[in-house]
A.B. asks: 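Questions regarding the structure given below will be posed in turn.
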Amino acid sequence: MKVLLLGSGGREHALAWKIAQSSILDELFIAPGNAGTKKHGKNVDLSPTDFDAIKEFVISQQIDMVIVGPEEPLVNGIYDYFQADEQLKKVGIIGPSKFGAQLEGSKDFAKAFMARHAIPTAKYGTFTAETISQGIAFLQAMKGPYVLKADGLAAGKGVLILSDLEEAKYELKSMLLDEKFGAASSKVVIEQFLDGIELSVFVLTDGESFKLLPEAKDYKRIGEGDTGLNTGGMGAISPVPFADASFMDKVHNRIIVPTIKGLKTEKITYKGFVFFGLISVKGDPYVIEYNCRMGDPETEVVIPRLKSDILDLFEGVASNTLSERDIQFIDKSAATVMMVSGGYPGDYEKGKSIFGLNGIVDSIVFHAGTSADGPSVLTAGGRVLAVTSYGKNLEVALEKSYDSISKINFDGAYYRKDIGQDVL
Ligand code: AMP
Ligand code: GLY
């Protein structure tokens with residue numbers, strides 16, 4: 001099989017690493033990829049959102065399957081673009097339709113979907129510039145903290161959690177009337193605040209059946225003890241100690257099954273990953289958000305724990321035969337710690353030489369934001385490297401990642417030293 005993987009982060013490096021191990025792979029291309037993906041296939045200089053350029057490449061290279069890493073091409077309708085094209089129709093594409101991708105692309109769509117299928121989530125209301133006075137009244141009638149969410153994609157920045165009512169009203173106005181998040185905040189979802197502990201659960205579905213992947217927990221804030229600004233994610237662990245069999249049963253019965261069934265009964269074409277961002281409130285799971293792709297850095301611990309051939313599973317998705325495929329896991333813990341550029345998630349410099357990568361033996365170093373400069377590897381993003389390790393338990397896995405990190409260096413490197421500590 002000839003495969004094209006879209007994206008350039010740690011998630012895509014982890015997917016490329018796994019795809020490269022498949023017994024049915026002939027050739028792997030990554031667009032645009034990074035200095036790490038290059039070791040597992042051929043990087044091609046294409047933007048994941050330039051569908052015409054992707055089409056040309058897929059046809060000229062006779063690609064059999066396209067795997068979509070990030071959400072943007074999905075929300076923009078890459079699945080539908082392929083279906084509508086005579087030459088591309090037969091190419092397998094791993095990711096939902098544009099309509100299905102609204103589970104991530106529109107918070108209001110996701111909330112209404114959950115309401116229709118009685119999936120547990122925070123109570124909410126959706127407001128626009130026309131209904132702003134109802135929005136203010138909605139805020140006044142509820143207790144803080146106040147959760148305001150831009151309806152559309154806002155690069156992970158569209159959620160505000162405010163303890164003060166006046167501030168919440170001010171922010172609601174700036175989102176709806178002053179386009180604080182551009183068109184993404186022309187609609188705003190206001191939600192009840194849920195107090196609990198978060199985790200990420202993933203399934204792969206062909207729209208009929210699904211396979212549950214290992215769960216993970218990511219660490220979103222820049223500072224230790226989960227303080228400071230939100231980031232794309234500073235590390236992840238899998239398994240999650242509090243996600244025991246009884247909790248995961250609730251997740252299965254109350255959330256996953258009704259979601260997959262809901263997609264099917266509503267005839268929403270969905271062939272790809274569903275990422276359930278969950279919160280456990282006193283042992284009961286609620287959906288905080290859906291994403292239509294894998295998580296990053298969660299992928300860097302989930303995919304290493306997958307034993308089965310990932311292309312066999314993807315083939316099952318593409319041909320609606322996922323239920324006939326076998327899925328097995330590696331019975332080890334995995335942890336990843338992100339090394340980021342100094343200043344991230346604010347301004348940071350790029351182009352710093354990374355030293356020590358060749359000496360790492362106890363970890364897998366997934367590249368998140370790197371570029372190749374001849375034989376050298378340079379920083380090229382805020383999140384630079386995800387250093388993943390296995391262990392017989394999380395403590396051992398984390399110890400190995402921290403030990404490996406101590407051997408890697410670049411100017412301004414920063415990482416959190418407390419990944420996993422809250423649940424160990
Ligand atoms: P989202 O983009 O919807 O995942 O929201 C970003 C982050 O805001 C989540 O990971 C949570 O930490 C937090 N959050 C979102 N919604 C709620 C809620 N209803 N209650 C508490 N925290 C929330
Ligand atoms: N790690 C969270 C996300 O990928 O959205």
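One-based numbering, in listed order, for ligands and for the atoms of each.
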A.B. asks: If only atom types and distance count, is the side chain of Glu104 paired as donor or acceptor with the main-chain N or O of Ala101 below 3.5 Å?
C.D. replies: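 Not a single qualifying donor-acceptor pair exists.
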A.B. asks: Measuring centre to centre across the rings, with the benzene-like ring taken for any Trp, is Phe355 within less than 6.0 Å of Phe410?
C.D. replies: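 Centroid separation for Phe355 and Phe410: 6.0 Å or greater.
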A.B. asks: For atom 21 (C) of ligand 1, grab the closest protein heavy atom and report residue, atom and distance to one decimal in Å.
C.D. replies: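 The protein heavy atom lying closest is Leu194 O, 3.2 Å.
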A.B. asks: Heavy atom under 4.0 Å from ligand 1: found in Gln192's side chain, backbone, both, or neither?
C.D. replies: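 The backbone, only.
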A.B. asks: Say whether, by atom type as modelled, one donor and one acceptor occur between the side chain of Lys250 and the main chain of Gly283 under 3.5 angstrom.
C.D. replies: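 Yes; judged by distance alone, with no hydrogens or angles, the pair exists.
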A.B. asks: Counting non-hydrogen protein atoms only, what is the nearest one to atom 17 (C) of ligand 1? Give residue, atom name and distance.
C.D. replies: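 Minimum-distance protein heavy atom for atom 17 (C) of ligand 1 reads Ile288 CD1, 3.5 Å.
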A.B. asks: Give the residue and atom name of whichever protein heavy atom lies nearest to atom 4 (O) of ligand 1, and the separation in Å to one decimal.
C.D. replies: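 Residue, atom and distance for the closest contact: Glu289 CD, 2.8 Å.
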A.B. asks: Would the distance check show the side chain of Asn291 and the main-chain N or O of Arg293 forming a donor-acceptor pair, the cut-off being under 3.5 Å?
C.D. replies: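 No; zero donor-acceptor contacts below 3.5 Å.
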A.B. asks: For atom 19 (N) of ligand 1, tell me which residue out of Lys220, Glu191, Arg221, Lys123 has the closest non-hydrogen atom.
C.D. replies: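 Nearest option to atom 19 (N) of ligand 1, by heavy atoms: Glu191.
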A.B. asks: Would a distance-only check, ignoring hydrogens and angles, find a side-chain to backbone donor-acceptor pair under 3.5 Å from Thr388 to Glu300?
C.D. replies: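 Side chain of Thr388 to backbone of Glu300: a pair is present.
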A.B. asks: Which residue holds the protein heavy atom closest to atom 7 (C) of ligand 1, what is that atom called, and what is the gap in Å?
C.D. replies: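 The protein heavy atom lying closest is Val159 CG1, 4.5 Å.
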A.B. asks: Salt bridge (Lys or Arg N to Asp or Glu O under 4.0 Å): which pairs involve residues 410-424, sequence neighbours left out?
C.D. replies: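 Pairs touching residues 410-424 that pass the test: Lys217-Asp422, Asp226-Arg416, Lys352-Asp411, Arg416-Asp418.
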A.B. asks: Between Lys332 and Tyr390, is NZ or CZ placed under 6.0 angstrom from the six-membered ring centre and within 45° of the ring axis?
C.D. replies: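 Flagged: Lys332 positioned over aromatic ring of Tyr390.
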A.B. asks: Using a 4.0 Å heavy-atom cut-off, which part of Asp195 comes near ligand 1: side chain, backbone, both, or neither?
C.D. replies: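 Neither part.
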A.B. asks: Whether the side chain of Thr49 engages the backbone of Pro73 through a donor-acceptor N/O pair (distance < 3.5 Å, no angle test) should be reported.
C.D. replies: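 No, because the side chain of Thr49 does not come within donor-acceptor range (under 3.5 Å) of the backbone of Pro73.
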A.B. asks: Donor-acceptor pair, distance only, cut-off 3.5 Å: does the side chain of Tyr124 make one with the backbone of Asp108?
C.D. replies: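 No, the answer is negative, given that no donor and acceptor are paired below the 3.5 Å cut-off.
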A.B. asks: Please report which non-hydrogen protein atom sits nearest to atom 2 (O) of ligand 1, along with the residue it belongs to and the distance in Å to one decimal place.
C.D. replies: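 Heavy-atom neighbour on the protein nearest atom 2 (O) of ligand 1: Lys107 NZ, 3.1 Å.
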A.B. asks: Taking the six-membered ring where the residue is Trp, are the ring centres of Phe109 and Phe99 under 6.0 Å apart?
C.D. replies: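 They qualify: ring centres under 6.0 Å apart.
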A.B. asks: Please state which protein non-hydrogen atom is closest to atom 14 (N) of ligand 1 and give its distance, to 0.1 Å?
C.D. replies: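 Ranking protein heavy atoms by distance from atom 14 (N) of ligand 1, first comes Ile161 CD1, 3.8 Å.
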A.B. asks: Would you check if the side chain of Ser106 reaches a backbone N or O of Gln102 as a donor-acceptor pair within less than 3.5 Å?
C.D. replies: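 Not confirmed, Ser106 side chain does not pair with Gln102 backbone.
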A.B. asks: Do any N or O atoms from the side chain of Arg305 and from the backbone of Asp331 form a donor-acceptor pair under 3.5 angstrom?
C.D. replies: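 Side chain of Arg305 to backbone of Asp331: no pair is present.
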A.B. asks: Take a 6.0 Å sphere around CG of Asp45 and say whether it holds more than 12 heavy atoms from other residues, nucleotides or ligands.
C.D. replies: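 No, not enclosed.
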A.B. asks: Where's the contact between Val147 and ligand 1, heavy-atom distance under 4.0 Å: side chain, backbone, both or neither?
C.D. replies: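 The answer is the side chain.
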A.B. asks: Any non-hydrogen protein atom below 4.0 Å of atom 23 (C) of ligand 1?
C.D. replies: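 Yes.
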A.B. asks: When you measure from atom 16 (N) of ligand 1 to every protein heavy atom, which one gives the shortest distance, and what is it?
C.D. replies: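 Looking at atom 16 (N) of ligand 1, the protein heavy atom closest to it is Lys149 NZ, 3.0 Å.
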A.B. asks: Run through ligand 2 for me and note each protein residue having a heavy atom under 4.0 Å from it, chain first, then residue number.
C.D. replies: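 Residues Asp218, Gly232, Phe275, Asn291, Arg293, Gly295, Asp296, Pro297, Glu298 each place a heavy atom under 4.0 Å from ligand 2, listed by chain and number.
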A.B. asks: Can you name the atoms of ligand 1, numbered from 1 with element, that are less than 4.0 Å from a heavy atom of Glu198?
C.D. replies: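 Once the distances to Glu198 are compared, the set is 9 (C), 10 (O), 11 (C), 12 (O).
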A.B. asks: Show me which atoms of ligand 1 lie under 4.0 Å from any heavy atom of Phe193.
C.D. replies: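 Reading through ligand 1 atom by atom, the close ones are 20 (N), 21 (C), 22 (N).
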